[in-house]
Each structure stands twice: as structure tokens, then as C-alpha cells.
There are 2 protein chains.
Amino acid sequence: MVGLRTLQPSRRLPFNPDAAYGAITLMTTPKNDKNTRTTGRPTLNEVARRAGVSPITASRALRGIPSVAEELAQRVREAARELGYVVNPAARALASARSQTVAVVVPSLGNQLFVETLEAIHAVMRPKGLEVLIGNSHYSRDEDEDLIRNYLAYQPRGLLLTGFERTESARRMLEASGIPCVYMMDLDSGAGLHCVGFSQLRAGAAAAEHLIARGRRRMAFVGAQLDQRTLLRGEGFRRALQQACLYNPAFELLTPQPSSVGLGGELFGQLLAAHPQLDGIFFGNDDLAHGALLEAMRRGVRIPEQVAVLGFNDLPASAFMVPRLSSIHTPREAIGRRAAEMLLALMAGQSVAEPVQDMGFELMVREST
Amino acid sequence: MVGLRTLQPSRRLPFNPDAAYGAITLMTTPKNDKNTRTTGRPTLNEVARRAGVSPITASRALRGIPSVAEELAQRVREAARELGYVVNPAARALASARSQTVAVVVPSLGNQLFVETLEAIHAVMRPKGLEVLIGNSHYSRDEDEDLIRNYLAYQPRGLLLTGFERTESARRMLEASGIPCVYMMDLDSGAGLHCVGFSQLRAGAAAAEHLIARGRRRMAFVGAQLDQRTLLRGEGFRRALQQACLYNPAFELLTPQPSSVGLGGELFGQLLAAHPQLDGIFFGNDDLAHGALLEAMRRGVRIPEQVAVLGFNDLPASAFMVPRLSSIHTPREAIGRRAAEMLLALMAGQSVAEPVQDMGFELMVREST
DNA sequence: CGGTGCAGGGATAGCGCTATCTTTGCCGAC
DNA sequence: GTCGGCAAAGATAGCGCTATCCCTGCACCG
């Protein structure tokens with residue numbers, strides 16, 4: 001009943017939608033009524049029938065492929081809207097051997113840092129019609145590998161991964177898949193890979209230089225979680241101190257426990273008890289530093305007079321701590337955005353002029369140093 | 001070459017894998033070599049051929065369907081392992097009209113609360129082989145609707161949604177889909193729905209009662225974001241104050257801005273400037289309370305002597321604030337876990353004895369009150 | 001005025017699985 | 001024995017799309 005093409009003065013044999021895709025189809029599939037496997041949602045065929053075109057034309061129209069006359073495309077879009085049609089991503093992925101999906105693996109969602117990165121990625125990908133799959137590896141190489149294996153099965157258009165710390169077999173899978181991949185956050189060992197981040201090593205050095213410039217001489221590094229990036233920051237810090245002949249290996253407190261405010265306070269207490277002479281502490285993550293500031297207040301330790309405290313990442317709360325926490329601000333939104341854009345380019349088959357993008361970092365000097 | 005069934009004394013005609021699924025298949029599809037649409041990954045057919053069984057048997061074996069003899073199943077699993085076979089989820093979803101996916105929509109990832117809920121959900125779903133899709137609605141009904149529409153297209157096995165605040169059309173889509181759905185966090189308007197949470201209304205009342213019990217008489221409520229749950233907490237607080245004849249509508253500060261530490265400090269300042277006589281403040285979320293405590297310290301406002309401060313959610317950092325923040329602890333891990341389990345039951349077609357599960361809340365009394 | 005190029009469509013044929021019959025052989029029962 | 005019933009496979013037929021080829025009509029060409 002639909003689709004008598006009165007609007008268009010056709011140049012060809014009129015296409016009879018009901019005959020072609022309605023009645024005949026129903027006749028040649030007599031078991032249609034007993035087959036209950038379908039989802040009940042409208043299919044592309046129904047849209048096509050309603051618009052009076054063939055299914056492929058409908059497919060092309062909805063995908064915005066230009067070889068469809070605008071008038072037809074419009075009819076198809078309208079039919080889709082009227083029926084409430086939504087593509088079946090599984091069917092699309094199967095037929096085209098590619099999904100509309102991008103997978104991201106971050107090591108934690110508890111760290112605000114990665115949440116902000118994800119937001120930036122979303123903001124780039126969503127407008128392109130790409131679904132973002134979020135995986136949390138919990139800082140575990142094995143989970144990271146599982147997630148990658150799992151996601152590769154979905155044939156994502158691209159992958160965004162955090163850092164380079166990865167099992168050998170995960171690396172092989174990635175390579176074998178041929179799926180474009182951009183690495184976020186670190187640069188220091190990203191030779192030959194596409195990566196967007198900053199040098200954790202240099203950031204650690206910058207921390208040391210700032211404390212030295214503030215006249216500090218006995219400085220400690222406190223790191224938790226002990227992921228590669230934290231270790232690199234520590235290493236950068238260490239080297240800069242060595243260079244200034246101020247390095248003391250005893251002034252280093254590392255623990256694999258996950259970073260948290262509570263832990264920061266605890267480590268701060270331990271450190272001061274063991275080394276009361278300390279006059280500066282660099283924390284590998286801001287939440288540790290927050291805990292330290294709170295613990296200092298509780299103990300009456302004066303910050304920064306007695307000990308300067310420097311954080312890392314510049315989480316939103318840092319500027320409001322008492323005293324306001326100095327921290328190294330990391331450009332996670334920019335990293336997320338740029339990494340997403342780079343991935344988009346790779347997905348489009350373009351080669352990227354600058355495969356390694358250093359987004360830098362910024363020292364935020366506040367009251368705590 | 002593979003699969004001469006020497007191991008099993010067959011009762012039937014021997015199944016010749018190469019003839020059935022190898023050579024003949026290749027002959028009847030002469031264009032196989034020029035078709036480059038395939039992904040290159042091994043398919044179930046190849047696994048079946050290698051194991052010397054039919055594809056359906058291989059499918060059944062890998063899905064653990066018991067009607068396959070253990071010996072065959074073992075051969076299939078081994079073949080799959082040798083080939084590095086991973087199912088194509090798109091093909092599976094298309095063929096079975098269902099995915100191995102559960103979708104979750106939370107209003108924010110910036111709030112630690114929801115991250116912890118997600119972790120609990122993951123912990124339940126992953127072992128069942130279910131993929132968890134995470135959607136962030138940013139406290140927007142429109143985004144919530146978009147996410148739901150989008151996820152429904154994936155034919156998830158189930159949905160976990162936060163709260164009941166939802167557009168009419170989202171509600172209709174959910175109902176029409178017939179996909180099981182569990183609502184998390186709130187109970188107050190969940191009549192007829194499956195929900196796991198606690199009464200935001202009663203939690204708000206408990207906050208008021210605690211402050212009253214502490215001898216406070218001029219109490220304010222500070223809420224940001226203004227999502228339904230925050231408003232309900234405020235409403236519960238208000239009603240309890242009214243009942244005690246202590247309600248003063250001027251002592252309420254609501255803002256649609258997203259909750260944050262910085263905002264908490266700012267609102268605290270505004271409130272005290274406008275109403276210096278206040279002796280108790282209930283913050284709708286802990287990060288606001290954190291900001292207030294820090295701002296109080298900066299201003300020399302003594303907490304709790306001058307003003308008692310009570311938070312909500314009991315975020316991990318609250319116990320370490322100065323003074324330690326009293327807060328209403330919400331059982332988000334338990335909610336996530338229980339909601340996931342309830343959804344699992346619904347997905348299995350079971351009816352749930354208690355469709356509304358009140359997980360309660362716990363007042364954590366610390367130094368700030 | 002026949003060739004020939006180019007659009008705008010359509011027909012055909014799967015993508016890689018699984019739901020649903022069928023078939024086969026075997027067992028026990030009447 | 002014959003037959004019903006059962007268990008363990010296999011054959012068949014799509015799921016809902018899209019890649020790929022193909023067809024048709026028209027414009028343009030010399």
C-alpha cells in the first residue's frame with residue numbers, strides 16, 4: 001500500500017515495493033510466521049519496503065552514501081523514523097566485518113585522571129557515531145591482556161591503550177590484528193608506536209628541580225601502585241637528585257598498594273618517623289599528597305615550612321587543599337582528545353605525521369611548596 | 001587430514017570432515033579466494049573441520065551444551081585452542097538474537113560512588129562470561145535516553161540503570177524491548193520495578209535526626225547537581241526538620257552545578273556569610289563536605305563546635321579529613337552486587353521473590369558532628 | 001547515430017554463527 | 001521381533017545487514 005511513487009517521475013520501470021519485497025518474500029518463506037527468532041524490531045527490509053526502495057538502497061541512504069539521490073534518501077530516512085528503525089549492530093558488523101566501535105583500556109576508574117581522559121575520548125568519538133567500549137585493567141597485565149583479547153573479538157575499528165606495560169602475548173595479538181592502536185599517557189618507551197602523552201621521566205625530574213629551587217635538600221619520593229608510569233616519575237626524580245648530588249636512596253618509599261588518601265597519610269607518617277630531617281616530598285599521585293597534607297595538619301607538621309609537599313596530576317581537589325597543593329598538572333583531556341583524533345586518522349587509513357605527540361605537563365606552584 | 005576418528009569406536013557412518021566441510025565447500029564456492037571480506041581469524045567451521053565434527057557440534061561443544069559427548073567436546077576445545085579460535089560475537093548475536101552483554105548506565109564516573117558500583121557489577125558479571133557496557137549519562141535525561149536507545153540496539157541480555165529519572169520515551173523503549181532491567185540506588189518511586197538501593201528519603205531524614213540529636217537547631221541542606229536522589233535526600237531532611245519544628249526554608253542552598261570539592265567550599269562560604277547563626281550543615285554529597293571542611297579550616301571556622309558538618313556517601317577520603325567527616329555510608333558495592341545478581345535471575349527467566357531490595361545505609365559518626 | 005561513460009539504482013551472495021528440524025542407531029518393552 | 005523413545009549427532013535455513021557485481025537509461029562524443 002505504501003510507496004506508490006507519485007513524487008518522482010521515474011525514468012525507469014517503476015519499482016513495485018510490495019511485489020518485490022512484500023508479497024513475494026512472504027510467499028517464498030512460508031515458515032515466516034512460526035519463526036520466532038526475530039527480535040520484533042523493524043528491519044532494514046521493512047524500512048526499504050515502506051520507502052519503496054530496495055534494501056541496499058535503504059542501507060546506503062541511512063549510511064549517508066552519496067550515490068543515492070537526495071529525494072530517495074529523504075524518503076528512506078523518513079520511513080526509518082516512522083518505524084523507529086535502529087540498525088542492528090551485530091548484523092552490520094557481521095556483514096561488513098567491522099564494527100562501529102572503539103575500545104579503550106585504562107588501568108583504573110578510581111583515579112579521576114582516567115575518567116577525564118575517557119570523557120575527552122568520548123567527546124571526540126561520539127559525534128562520529130563510534131561506540132566507546134571501556135575496559136578497566138586494574139593495573140593488571142593479565143587483565144589488560146584479557147580485555148584486549150576480548151575486545152579484538154569485537155573487531156573494533158581502533159584501540160586506545162594506556163601505557164606500554166603489556167604482556168608479550170597481548171603485544172602479539174595487537175600486532176596480528178592489524179587494528180590501529182594509539183597509546184596514551186607515556187612516551188618514554190613508545191618507539192615506533194603511535195602515542196600521545198608526556199615524558200613521565202621528565203615530569204619526575206621537573207618535580208625534583210622545583211623542590212631544589214625551593215631550597216630543599218633532603219627530598220623523598222613516595223609512590224604507590226608501582227605501575228610503570230609511577231616508576232618512571234620516580235626514576236626521573238631520582239636522576240635529577242643524583243645530578244644535584246642530593247640523592248639518598250633511603251628517602252624513597254614505594255608500595256604496590258593502590259594509591260589513596262588514607263594510604264598517603266599513612267606513608268607520610270612512616271616517612272617522617274623514619275626520617276625527621278626530610279624537607280621535601282614528591283608524591284607520585286595527588287591523592288597520596290592529599291592524605292599527607294591532612295595527616296600533617298593532624299600532627300601539627302607545618303607545610304611547607306618544615307616539609308614541602310608536591311603532588312602529581314593536579315586533581316581537581318588539589319587547589320582547595322590546606323595548604324593548597326602544588327602539583328604537576330597533566331593534560332589528560334588534551335591527551336584523550338588528541339589520542340582519539342590520532343586514532344581517527346589511523347582508522348581512516350591516513351598516516352600520521354607526528355606519531356609521537358608530547359603534550360607536556362605544567363608545574364602548578366601553590367602553597368604546599 | 002585431521003580427525004580420523006580412531007579414538008572413538010563409532011556406532012555410525014564415519015563422518016568425513018574433509019569431504020564434508022573441506023573440499024566440497026571450497027568447490028561450491030569458487031569465489032572464495034577473491035573474497036577478502038573475511039577477517040582472517042579462524043572460524044567455527046575451521047575448528048569443526050580440525051576436530052572432525054560438524055560445525056553445529058563444534059558450536060555446541062564450545063558453548064558447553066551437554067548433548068555433546070565429552071570426548072568430542074574435548075577434541076573440539078582442543079582444536080579451538082590450537083587455532084586460537086575466539087567466537088565472533090557479532091555472528092553469535094545475529095544468529096541467536098541475543099548478545100552476551102549487559103549494559104549499565106550511571107550518571108557520572110567522576111563520583112567514586114558509581115565507580116565502586118560498577119566494580120561490583122563487573123565482579124558478578126565477568127565470571128558469567130557477560131560483557132558489561134558502561135554508559136555515562138552525565139546526569140542528563142537526554143543522554144540517558146540516547147544511551148538506552150543505543151544499548152537496546154545491541155540486544156543486551158539485561159540492563160542496569162541508575163534511579164528512575166528518565167524520559168517518557170526511554171521508559172517506553174525499555175518496556176517495549178522486554179529486556180530485563182534492574183534499577184539501582186533508589187527505592188522511593190520504584191513501585192512495580194525491580195530495584196536495589198535504599199530510601200534516599202529516609203537517609204535524608206536520618207541526617208536531620210543525627211544533627212538534632214547532636215543538639216543542633218539551625219540546620220541547612222546543601223545540594224548540588226540536583227538529580228532526583230539529591231533532591232529526595234533534601235526532602236527527607238526537610239520533612240524531619242519540619243516534624244521537629246526546626247525547618248527554615250532560608251537554610252537551603254541548591255545549585256545545579258556538578259558537585260565538587262571546590263564548589264563545596266564556595267557554597268559553605270556563601271551559606272555562612274548569609275546565615276552566620278547556622279550550627280549544622282548536611283551536604284548532599286561528600287565532596288561538597290570535603291570542600292566545606294577545607295574552607296572552614298582556611299577561615300578558622302571551628303568544626304564541629306561552631307558548625308557541625310555531615311556528608312553523604314562516605315567516600316573513601318572522608319575518614320581522613322580534618323576533622324574526620326561524619327557521613328552517611330551508602331552500600332554501593334552491595335547494591336551493585338545485588339542488582340547484578342537480581343538481573344542474572346531475571347535474565348534466567350526466574351521470578352524474583354523480593355523485587356525491591358532495601359540495602360539500607362549507615363550513619364558514620366566521626367569528628368565533624 | 002552507434003559507442004561509451006557514468007550515475008543511480010538493484011540482484012545476488014554471503015558474513016559466522018545458532019535454532020530447529022531430521023536422522024541415525026540403540027535400548028528396552030510389549 | 002517390532003516399535004516407541006531417547007540420545008547424539010548432522011542438515012538446513014536463516015539472523016539482518018552490506019560488499020560486490022550488474023543493469024539500465026541518459027548524456028555526451030566524434
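Letters A, B, ... are given to chains in the order of the sequence lines, protein chains preceding strands, and every chain is numbered from 1. Every heavy atom of this structure was used, including side-chain atoms; hydrogens, water molecules and symmetry mates were not.
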Worksheet item: When you measure from the side chain of A:R171 to the backbone N and O of A:F164, does any donor-acceptor pair fall under 3.5 Å?
Response: yes

Fill in: B:A95 side-chain proximity, nearest of D:dG10, D:dG14, D:dC17
D:dG14

Discussion item. Does A:S54 form a side-chain hydrogen bond (donor to acceptor under 3.5 Å, both in side chains) with A:T57? I'd like the steps, not just the answer.
Written reply: CA-CA 5 Å; A:S54 72; A:T57 299; 3.1 Å; yes

Worksheet item: Between the side-chain atoms of B:R60 and the base atoms of D:dG10, is any donor-acceptor pair under 3.5 Å?
Response: yes

Item to complete: In whole angstrom, give the distance that lies between atom CD of B:Q100 and atom P of C:dG16.
Response: 19 Å

Worksheet item: For A:S54 and C:dG10, is the shortest distance between a side-chain N/O and OP1 or OP2 below 4.0 Å?
Response: yes

Worksheet item: From the list C:dT18, D:dG10, C:dA11, which nucleotide is the closest neighbour of the side chain of B:S96?
Response: C:dT18

Discussion item. Quiz question: by atom type and distance under 3.5 Å, do the side chains of B:T101 and B:E131 form a donor-acceptor pair?
Written reply: no

Discussion item. At less than 4.0 Å, is any side-chain N or O atom of A:R92 found next to OP1 or OP2 of D:dG16? Yes or no.
Written reply: no

Worksheet entry | Whole-Å distance separating the CG atom of B:N88 from the P atom of C:dG16 | 7 Å

Item to complete: For B:A58 and for B:Q155, locate the closest nucleotide of DNA chain D by heavy-atom distance; then report the residue assigned to the nucleotide nearer the 5' terminus.
Response: B:A58

Discussion item. Quick check: on DNA chain C, is the nucleotide nearest A:E70 upstream (toward 5') of the one nearest A:A91, or the reverse? Name the residue that is more 5'.
Written reply: A:E70

Item to complete: May I have the distance from B:I65 (atom CD1) to D:dA8 (atom P), rounded to whole angstrom?
Response: 13 Å

Worksheet item: Between A:R49 (CZ) and D:dG16 (P), how many Å, whole number?
Response: 12 Å

Worksheet item: Is the backbone of A:P55 close enough, under 3.5 Å, to the side chain of A:S59 for a donor and an acceptor to pair up by distance?
Response: no

Worksheet item: Can you check whether B:T57 has a side-chain N or O nearer than 4.0 Å to OP1 or OP2 of D:dG10?
Response: yes

Discussion item. Distance check needed: C:dT18 P versus B:L44 CG, whole Å only.
Written reply: 6 Å

Discussion item. Could you tell me how far apart A:L94 (CG) and C:dC17 (C1') are, to the nearest whole angstrom?
Written reply: 7 Å

Worksheet item: Nearest of C:dG10, C:dG8, C:dT18 to any side-chain atom of B:R63?
Response: C:dT18

Worksheet, complete the sentence: Judged by nearest nucleotide, the residue sitting upstream toward the 5' end of DNA chain D, B:V68 or A:S59, is B:V68

Worksheet item: Between atom OH in A:Y85 and atom P in D:dG16, what is the gap in whole Å?
Response: 10 Å

Practice prompt. Indicate whether any N or O donor in one side chain lies under 3.5 Å from an N or O acceptor in the other, for B:E119 and A:N136.
Written response: yes

Worksheet item: Any side-chain N or O of B:Y154 less than 4.0 Å from the OP1 or OP2 oxygen of D:dG16?
Response: no

Discussion item. Nearest whole Å is fine: how far is D:dA8 P from B:R75 CZ?
Written reply: 15 Å

